[in-house]
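Because the structure is predicted, anything quoted here is derived from the model rather than measured.
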Amino acid sequence: MLALRPDEVPDLFGPEALHRLSAATLVDPDTPVAGRPDQLAPRTARALAEADILLTSWGSPRIDLGFLDAAPKLRLLVHAAGTIKPLVVPEIFERGVRVCSAAEANAVPVAEYTLAAVILGAKRAFPAAARYRSGVRAADGTHRDLDGLGWIGTWPLTVGVIGASRIGRKVVRLLRQVLDADVLVYDPYGLGGLDDDPRVRAADLDGLLAACDVVTVHAPLTPESRGMIDARRLALLRDGTVLVNTARGPIVDGPALARELASGRIDAVLDVTDPEPLPPESELFDLPNVFVTPHIAGSLGREVRRLGLLAVGEVERFASGLPLRYEVFPDQLDRLA
């Protein structure tokens, strides 16, 4: 069954995905489980009680103990979105239900956005555009006034990646393939094989912040990472460093970051902030060295169908008795965003 809002179904699953889903399972895409079990029509509640597989996404009801009681035959939950942490209770694993997530697919546009942010940040595109827009002219009278913007260019480049997460690893590979950059990675859980490349090296957080031209954040927001990049650590950044955050705003101390940016010492590309959303009067909107977007790096619009196709692929593998590719295990919960 699909445990989704009705309006989400066509966004996630196009005709091809629904055809494949129908070929692998008995599914009724026109009757999704759009609410709590005690709110369902009798026919839908009876179908849920017989369901082996549940497909969820962002608008799904929380799969808590009450929901699990209403779906006693459930064997697989496939989440056609990112993290499963706010969706399920840990007891789902004790009930023998296997859980998969489409976080791998959702990581793709975030990594792409990050690469674009690194390139545009290194080219000083945002402060240069602000000067151009305001009519500033260079000393020679041309429209390209780059004076005082610090170093400019994507080569040579040393990039610090905070978090060898699913997204972080994709970012490292793009940085190496597209920009031929040297990469330092901080992650207390290890680099996950990234250090097979001699130009990708592990670093402690303070050393990374002090050594890199660009720093990009890809750690999950956990009690340990909240406020991890505080005023002391922001002060370690060299003048002209570009900070990119597509992870979660509270990983970086918001007031401390605002002070650094207001000084003009560093630049930033921020898809997430603390607080989020920013109040309309936030000075970050007016600073020429800051580019702020409204949390758009993850899957949007047409990109969402990539999540649906990944989810359908997991259902097909499960129905065929094949190994799952994107399973989430209970010992990973503490590290998930």
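Two residues are said to be in side-chain contact when any heavy atoms from C-beta on lie closer than 4.5 Å; Leu175 and Arg199 fail this criterion. The shortest side-chain heavy-atom distance between Ile84 and Leu333 falls under the 4.5 Å cut-off. The shortest side-chain heavy-atom distance between Val217 and Val272 does not fall under the 4.5 Å cut-off. Here the side chains of Glu91 and Leu65 are in contact, with some heavy-atom distance below 4.5 Å. Within the 4.5 Å cutoff, no side-chain heavy atoms of Asp28 are placed close to those of Met1. You'll find the side chain of Arg169 stays beyond 4.5 Å of the side chain of Val185, heavy atoms only. Contact annotation: the side chain of Ile266 never approaches that of Asp239 to less than 4.5 Å [non-hydrogen atoms, C-beta and beyond]. The closest side-chain heavy-atom distance from Leu68 to Leu74 is below 4.5 Å.
Across all non-hydrogen atoms, the minimal contact from Pro330 to Phe93 is CD-CD2, 3.6 Å. Considering every non-hydrogen atom in both Arg62 and Val88, the closest pair reads NH1-O, 3.7 Å. When all heavy atoms of Ser299 and Ala105 are compared, the closest pair comes out as OG-O, 4.3 Å. Across all their heavy atoms, Trp151 and Gly240 have their closest contact at NE1-O, 3.2 Å. The shortest non-hydrogen separation linking Ser165 to Asp187 is N-OD2, 4.2 Å. Gly35 and Leu40 get closest at one heavy-atom pair: O-CD2, 3.9 Å.
Cluster membership check: Ile229 shares its hydrophobic cluster with Leu221, using side-chain heavy-atom separations under 4.5 Å among Ile, Leu, Val, Met, Phe, Trp and Tyr. Note: the hydrophobic cluster containing Ile296 also contains Val118 (ILVMFWY, side chain heavy atoms under 4.5 Å, direct or indirect links). Linking Ile, Leu, Val, Met, Phe, Trp and Tyr whenever their side-chain heavy atoms come within less than 4.5 Å leaves Val136 and Leu149 in two separate clusters. Clustering ILVMFWY residues whenever any of their side-chain heavy atoms sit less than 4.5 angstrom apart, transitively, puts Val214 in a cluster other than the one holding Val292.
Side chains of Asp182 and Thr158: a donor-acceptor N/O pair is absent below 3.5 angstrom, by distance only. A donor-acceptor contact closer than 3.5 angstrom links the side chains of Thr56 and His79. In this structure, a donor-acceptor pair under 3.5 Å is absent between the side chains of Thr293 and His295. No side-chain donor from either of Thr246 and Asp271 sits under 3.5 Å from a side-chain acceptor of the other.
Applying the 6.0 Å contact sphere to CZ of Arg75 captures no more than 12 heavy atoms from other residues, nucleotides or ligands. No more than 12 heavy atoms of other residues, nucleotides or ligands lie within 6.0 Å of CG in Asp147, so this atom counts as exposed by the packing criterion. At most 12 non-hydrogen atoms from other residues, nucleotides or ligands lie less than 6.0 angstrom from CZ of Arg144. Atom NZ of Lys85 has more than 12 neighbouring heavy atoms from other residues, nucleotides or ligands inside a 6.0 Å radius. Within a 6.0 Å sphere centred on CZ of Arg232, heavy atoms belonging to other residues, nucleotides or ligands number more than 12.
With respect to the salt-bridge test (charged N to carboxylate O, under 4.0 angstrom), the residues Arg317 and Glu314 qualify. Note on Arg98 versus Glu327: salt bridge recorded, some NZ/NE/NH1/NH2 to OD/OE distance being below 4.0 Å. A salt bridge between Asp38 and Arg36 is absent, with no side-chain N of the basic residue lying under 4.0 Å from a carboxylate O of the acidic one. Comment: Asp195 does not engage Arg201 in a salt bridge, judged by the lack of any side-chain N to carboxylate O separation of less than 4.0 angstrom. Between Asp197 and Arg176 there is a salt bridge, with a side-chain nitrogen of the basic residue lying less than 4.0 Å from a carboxylate oxygen of the acidic one.
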Side chain to side chain contact (heavy atoms under 4.5 Å, CB included) between His218 and Val244, intermediate numbers included | CA-CA 9 Å; His218 302 289; Val244 179; 6.0 Å; no
Given side chain to side chain contact (heavy atoms under 4.5 Å, CB included), test Arg124 with Leu146 step by step and report yes or no.
-> CA-CA 8 Å; Arg124 307 293 172 184; Leu146 306 177; 5.7 Å; no
List the steps and the verdict of side chain to side chain contact (heavy atoms under 4.5 Å, CB included) for Val290 and Val269.
-> CA-CA 6 Å; Val290 183; Val269 180; over 6 Å; no
Check the pair Arg173, Leu194 against side chain to side chain contact (heavy atoms under 4.5 Å, CB included), reporting the backbone distance first and the verdict last.
-> CA-CA 8 Å; Arg173 295 185 183 104; Leu194 289 173; 4.2 Å; yes
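Taking a 4.5 Å side-chain heavy-atom cut-off between Ile, Leu, Val, Met, Phe, Trp and Tyr, the cluster of Leu21 extends to Leu2, Leu4, Val9, Leu12, Phe13, Leu18, Val27, Ile53, Leu55, Trp58, Leu76, Val78, Val304, Leu307, Val312, Val315, Phe318, Leu324. Applying the under-4.5 Å side-chain rule to Ile, Leu, Val, Met, Phe, Trp and Tyr, the cluster around Leu26 consists of that residue alone.
Listed for the Asp274 side chain is no donor-acceptor partner under 3.5 Å among the backbone atoms of Gly249. Without hydrogens or angle criteria, Arg166 side chain to Ala107 main chain gives no donor-acceptor distance under 3.5 Å. The closest donor-acceptor contact from the side chain of Ser282 to the backbone of Pro279 lies at 3.5 Å or more, if one exists at all. Looking at Thr154, its side chain never comes within 3.5 Å of a backbone N or O of Ile119 through a donor-acceptor pair. Under a 3.5 Å cut-off, the side chain of Ser57 and the backbone N or O of Gly59 do not form any donor-acceptor pair. Listed for the Arg20 side chain is no donor-acceptor partner under 3.5 Å among the backbone atoms of Glu316. Remark: side-chain polar atoms of Arg265 are paired, donor with acceptor, to backbone N or O of Leu237 under 3.5 angstrom. In this structure, Ser22 contributes its side chain and His19 its backbone to no donor-acceptor pair below 3.5 Å. In terms of modelled atom types and a separation under 3.5 Å, the side chain of Thr222 and the main chain of Ser225 share a donor-acceptor contact. Of the possible polar contacts, one joining the Asn289 side chain to the Leu261 backbone as a donor-acceptor pair under 3.5 Å is found.
Contacts classified as ring pair (Phe, Tyr, Trp, His ring centres under 6.0 Å) and involving residues 104-142 (residues at least two apart or in different chains) are given here: Phe126-Phe291, Tyr132-His143.
Taking OG1 of Thr241 as the start and CG of Leu209 as the end, the distance is 8.5 Å to the nearest 0.5 Å. To the nearest 0.5 Å, the span separating CD1 on Ile167 from CG on Asn106 amounts to 6.5 Å. Atom CG in Leu48 sits 7.0 Å away from atom CG in Leu54 (nearest 0.5 Å). One finds the CH2 atom of Trp155 at 12.5 Å from the CG atom of Asp213 (value rounded to the nearest 0.5 Å). Atom-to-atom distance recorded for Ile251:CD1 and Arg226:CZ is 9.0 Å, nearest 0.5 angstrom.
When each of Val171, Leu120, Leu179, Val110 is paired with Leu115, the side-chain contact (heavy atoms from CB on, under 4.5 Å) condition holds for Leu179 and for no other. A side-chain contact (heavy atoms from CB on, under 4.5 Å) with Ile162 holds for exactly one of Leu184, Val215, Leu243, Val252; it is Val215. Checking each of Val33, Val89, Ile92 against Phe67 for a side-chain contact (heavy atoms from CB on, under 4.5 Å) leaves exactly one that passes, namely Val33.
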